[in-house]
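Here is the structure we will look at.
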Amino acid sequence: MGLSNPRSTYGIHSASPYNRSTGLFYGTMKVLDSSSLSLTAEQNDLTGGSNKYPWASEDGAISAEMSLKVGQMEDFMFELFLGKAPTAQSAETSGNVSTLTNKNGTSVVAATGIASVSAITTTGPANLKFGKYVVKAMSATTVKVYHSTDIDHARGTDVEYADDQLSVTASALTITTGADTNIAALGVKLVGGAGTIGMTTGDTATFEVRPINTKSMGVRIGAAADVFPEFGCIIMAQQRSTGEMFEVDAFRCKASGMPIGFEAFAWNKPEVKAKLLYDSVKNGVFDVRHVTP
C-alpha cells in the first residue's frame, strides 16, 4: 500500500478575528507575511549530586503566542491591538474644516479676534488641503497662517511655504470686524469677530482640514480608560494546488501593541502579537482542522 502523502501547510491566506460573545467577525487581514503560532514549553529538570545530566524532567508551563505580520491597517486593528476603536466618517463631498480653537492665549478666537474659520463657499472645497493649521497674531489686527505638511499642497491651487517656519501666507492678513478674510489657495476664510479687532501679538489658534474625500477615520490612542478586548481568531493557510485547506481557530487571544512603521520607500508591515489563552468552556486553546477534497 505504501505511505500516505505527508500533510503540509503552505503560505498564509487570512486571519479573521471575531467577537468571543457574538461570534461575529471584526473583519479580515489578508495582506499577511511571516506569520506563525508559537508554542514554547518549559522543562523543569531534577539535578543534584555530581551527575552532569538531569535525573528527570517534567513539563512546565507552555507559552502560546500568535504573531501576524500585517501589511494593512484596518479600523478593528486599532481596537484590538491599541485599545481604541476609530471613529469612521462617511464621504465628505465638500471636505471638512474643524472649529478654530485657541492654543496659546485667548485673543485669537474672540469677539475682538476671529469668530470662525470655514471653507470658502464656492471655490473653497476643491482647494482644501489636508493637515493641521496654526493661526498666529502678528499684531492687533493681522495674522499669519502656518501648515503642518506640504504633502497636499498641489491639490487645487498650488501652495508653497513662505518661510522655514512653515508659513503659507507670504504676508500678514488683516482681520476686519464681521468680514471674511479669504485665503483662496487654501480654500478657507477667516471670519472677523463682531467687536473692534484687538488681538495679542504672539497668541495662536489651531484648526484641521480634510479635503474632499470618500471616507476618513480618526482615533486617539492612549487614554487611561482604553481597554484591549479578548477576541477569537481564525487563521487560514494558503489553499494548496491539491485543494487541501488548513485552519486554526484560536479561542481566546489577548493582544496589546501594534508598531506603526515609517520607512522610506517601504510598505508598513507591523508585526502584531497576541497571547493564546486557555478557554475553560471549550477546554482548550485552539482547534486545528484540515480538509483534503
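- With respect to Glu79 and Lys84, no salt bridge is recorded, no charged nitrogen being found less than 4.0 Å from a carboxylate O.
- Looking only at distances, a side-chain donor or acceptor of Ser139 sits under 3.5 Å from a matching main-chain atom of Thr142.
- Taking CE from Met236 and CZ from Phe246, the interatomic distance works out to 9.5 Å, rounded to the nearest 0.5 Å.
- The pair Lys269-Asp33 meets the salt-bridge criterion, with a side-chain N (NZ, NE, NH1 or NH2) lying under 4.0 Å from an Asp/Glu carboxylate O.
- With Ser116 contributing its side chain and Val191 its backbone, the two residues share no donor-acceptor pair below 3.5 Å.
- Between Leu100 and Ile114, some side-chain heavy-atom pair lies under the 4.5 Å cut-off.
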Applying salt bridge (Lys or Arg N to Asp or Glu O under 4.0 Å), run through Asp150 and Lys129 and close with a yes or a no.
CA-CA 9 Å; Asp150 61 0; Lys129 296 167 175 61; over 6 Å; no

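- Pairing each heavy atom of Val272 with each of Met258, the nearest pair is CG1-CG, 3.4 Å.
- Ring centroid separation for the pair His147 and Tyr161 does not come in under the 6.0 Å cut-off.
- A salt bridge does not link Lys103 to Asp203: none of the charged nitrogens lies less than 4.0 Å from a carboxylate oxygen.
- Between the side chain of Arg20 and the backbone N or O of Phe251 there is at least one donor-acceptor pair closer than 3.5 Å.
- A pairwise comparison of heavy atoms in Pro86 and Met217 identifies CB-SD, 3.7 Å as the closest pair.
- With a 4.5 Å cut-off on side-chain heavy atoms, Asp75 and Tyr26 do not count as touching.
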Under the side chain to side chain contact (heavy atoms under 4.5 Å, CB included) rule, what do Ile234 and Tyr18 come out as? Steps first, then yes or no, please.
CA-CA 8 Å; Ile234 294 178; Tyr18 59 86; 3.9 Å; yes

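- In this structure, the side chain of Thr157 does not engage the main chain of Ala185 through any donor-acceptor pair within 3.5 Å.
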Given side chain to side chain contact (heavy atoms under 4.5 Å, CB included), test Lys69 with Leu32 step by step and report yes or no.
CA-CA 6 Å; Lys69 193 170 185 180; Leu32 293 164; over 6 Å; no

Name the atoms and distances for all side-chain donor-acceptor pairs under 3.5 Å in residues 59-67, with sequence neighbours left out.
from: Asp59; atom 1: OD1; to: Gln43; atom 2: NE2; distance (Å): 3.1
from: Ser63; atom 1: OG; to: Lys275; atom 2: NZ; distance (Å): 3.0
from: Ser67; atom 1: OG; to: Glu271; atom 2: OE2; distance (Å): 2.6

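- For Trp267 (side chain) and Gly71 (main-chain N/O), no donor-acceptor pair under 3.5 Å exists by modelled atom type.
- Distance alone, capped at 3.5 Å, is enough to place a donor-acceptor pair between the Asn213 side chain and the Pro211 backbone.
- For the pair Lys144 and Asp163, the salt-bridge criterion is met [side-chain N within less than 4.0 Å of a carboxylate O].
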Let's go through Thr101 and Phe207 carefully: what are the C-alpha distance in whole Å and the side-chain angles of both, what is the deciding distance for side chain to side chain contact (heavy atoms under 4.5 Å, CB included) to 0.1 Å, and is it a yes or a no?
CA-CA 7 Å; Thr101 304; Phe207 66 96; over 6 Å; no

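- Ion pairing between Arg289 and Glu247 holds under the 4.0 Å rule for side-chain N and carboxylate O.
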Let's go through Thr206 and Val135 carefully: what are the C-alpha distance in whole Å and the side-chain angles of both, what is the deciding distance for side chain to side chain contact (heavy atoms under 4.5 Å, CB included) to 0.1 Å, and is it a yes or a no?
CA-CA 6 Å; Thr206 63; Val135 180; over 6 Å; no

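- Considering only residues two or more places apart in sequence or on other chains, Gln238 meets the side chain to side chain contact (heavy atoms under 4.5 Å, CB included) condition with Tyr10.
- Side chains of Thr181 and Thr174 form no contact here, defined as non-hydrogen atoms less than 4.5 Å apart.
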